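Have a look at the structure below before the remarks.
Bear in mind that the values here come from a model prediction, so they are computed numbers and not experimental data. Only heavy atoms go into these numbers, but all of them, side chains included; no hydrogens, no water, no symmetry mates. By convention in this document, chain letters (A, B, ...) are assigned in the order of the sequence lines, proteins followed by strands, and residues within each chain are numbered from 1.
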Protein chains: 2
Amino acid sequence: MTEQFFTYTDRYVKFTQPDKDLLLAALGSKHLEAKTELVSYDKPVDELYFILKGCLRKYFVKEGQQITVYIATPNSFIAAFDSFMTGTNSQEIIECLEPCELLVLKKADLEHLYCQIPLMNEFIRKVLELTLIQIQQTLTMYILDNPEERYVKLLSQNPDILQRVPQHMLATYLGITPTSLSRIRKRIITKP
Amino acid sequence: MTEQFFTYTDRYVKFTQPDKDLLLAALGSKHLEAKTELVSYDKPVDELYFILKGCLRKYFVKEGQQITVYIATPNSFIAAFDSFMTGTNSQEIIECLEPCELLVLKKADLEHLYCQIPLMNEFIRKVLELTLIQIQQTLTMYILDNPEERYVKLLSQNPDILQRVPQHMLATYLGITPTSLSRIRKRIITKP
DNA sequence: ACAAAACGTTTACAAAAGACAAGAACGCTT
DNA sequence: AAGCGTTCTTGTCTTTTGTAAACGTTTTGT
């Protein structure tokens, strides 16, 4: 179960066994049912999560509507980074869409690990580098492409997400209404 | 001139004087005129830049049109991160909008610094953390807000940018056409 | 198994944005 | 100062998206 996590870390840095033991000692775990709220509105968060199993989404509430901004699947981190790093209250909500198994890392423990394991800084740096590239590509997609193009790209790049997430959440994630997404799907299915 | 850079680094980590000397030795500098192309399409980039003075933009070409995706001002880094980190050719173009003074850091030199200066990993990690938060907020804005709301936020949060960047570049940066931005401005000026 | 809730599609109408073209304002060069 | 090109605005028309409501279907809970 934790092999899965070290398979992930091995792609970035080579932790020694003592390093891994320290890391293991710092990691907690959580099993959550679908629809559980992991991070709540207006509360501070001092944890980040590594997804072993399941699917989660991050959303905002705007004018009474839930707007999904991120969908996360196994073997990646999820957190309310803003709150986690700055100590402010979270404006975003994270909830499980499926039953989830997570590893938990507390901020205080992470700070300790930075001191105890020299490679830790490098590991997180590399994770951040790749995350940055990925978010930048997503942002670029929002500036460059219209909703239909975004949907088609999602379709080809993350087909798994489409089957795990209700369509109205996908719609807000694409920056449009469920009505509009329904129309786009109709256009795409019938046209080509 | 380089004090300006260390004023920036001091906000993240406390480099010792020997650290700073090593850093200085690795940093080059560039003076560029307005309209100079710093990063070109379809070429690899092995440098990143710290902006001392001036203003630059990053853009894509889509169907013959230039679409601005980022505008950078002094005391921040700019680079084609994707190309820089993965070694692929850059799909994006970076150009100067004003005469610019930049510090240059080569990828090979950065890798050396990671070995020579233990704090370097931590420094870049912290820079990446803040950059990530900022990009995430920008992305959230694109999902959550419509073009008019995005423009108003830009107006209140980055009024300086509005005066440095031609309106048609701002328009594509907001994900709309220059025509549409012109109308939004008209609506805002006359309405409230 | 049944009732309630959630989900997806569709409709009609309103609002917003895109495309295209013409004209006005501005800045730069000579 | 005149001329040139760029930039911004405006008008008209078309396309796309949003809003609201209705309807059938599926999922969920008990």
Open item on the list: Aromatic contact between A:Tyr8 and A:Phe50, with the criterion being ring centroids under 6.0 Å apart: yes or no?
Closed with: yes
Quick test: give all pairs of protein nitrogen or oxygen and nucleotides 11-13 of chain D nitrogen or oxygen below 3.5 Å, distance rounded to 0.1 Å.
from, atom 1, to, atom 2, distance (Å)
D:dT12, O4, B:Arg183, NH1, 3.4

Open item on the list: Counting only heavy atoms and a strict 4.0 angstrom limit, can you tell me which residues of residues 60-71 of chain B come near DNA chain D?
Closed with: none
Task: Pairs satisfying salt bridge (Lys or Arg N to Asp or Glu O under 4.0 Å), at least one member in residues 166-180 of chain B, at least two apart - done: none
Task: Pair listing, ring pair (Phe, Tyr, Trp, His ring centres under 6.0 Å) test, anchored in residues 78-121 of chain B, at least two apart - done: none
Throw together a table of side-chain donor-acceptor distances under 3.5 angstrom for residues 130-138 of chain A, partners on residues two or more places apart or in other chains.
from, atom 1, to, atom 2, distance (Å)
A:Thr131, OG1, A:Val127, O, 2.6
A:Gln137, NE2, B:Asp82, OD2, 2.9
A:Thr138, OG1, A:Gln134, O, 2.9

Task: With A:Asp21 via side chain to side chain donor-acceptor pair (under 3.5 Å) - residues at least two apart - done: A:Gln17
Are any protein N/O atoms closer than 3.5 Å to N/O atoms in nucleotides 26-30 of chain C? If there are, list each pair with its distance.
none

Donor-acceptor pairs under 3.5 Å, side chain of residues 152-160 of chain B to any protein atom, not counting sequence neighbours: which ones?
from, atom 1, to, atom 2, distance (Å)
B:Lys153, NZ, B:Asp145, OD2, 2.7
B:Ser156, OG, B:Lys153, O, 3.1

Open item on the list: Please enumerate all residues that pass salt bridge (Lys or Arg N to Asp or Glu O under 4.0 Å) together with B:Arg125, with sequence neighbours excluded.
Closed with: B:Glu129
TODO: State which residues pass side chain to side chain contact (heavy atoms under 4.5 Å, CB included) with A:Thr7; sequence neighbours excluded, sorted by chain then number.
DONE: none
Task: d(CZ, B:Arg185; P, D:dT10) in whole Å - done: 10 Å
- [ ] Could you name each residue pair satisfying salt bridge (Lys or Arg N to Asp or Glu O under 4.0 Å) that touches residues 89-104 of chain B, not counting sequence neighbours?
- [x] B:Lys53-B:Glu101, B:Arg57-B:Glu95, B:Lys58-B:Glu92, B:Glu98-B:Arg164
- [ ] With a 4.0 Å heavy-atom cut-off, tell me which residues in residues 160-170 of chain B come close to DNA chain D, sorted by residue number.
- [x] B:Pro166, B:Gln167, B:His168
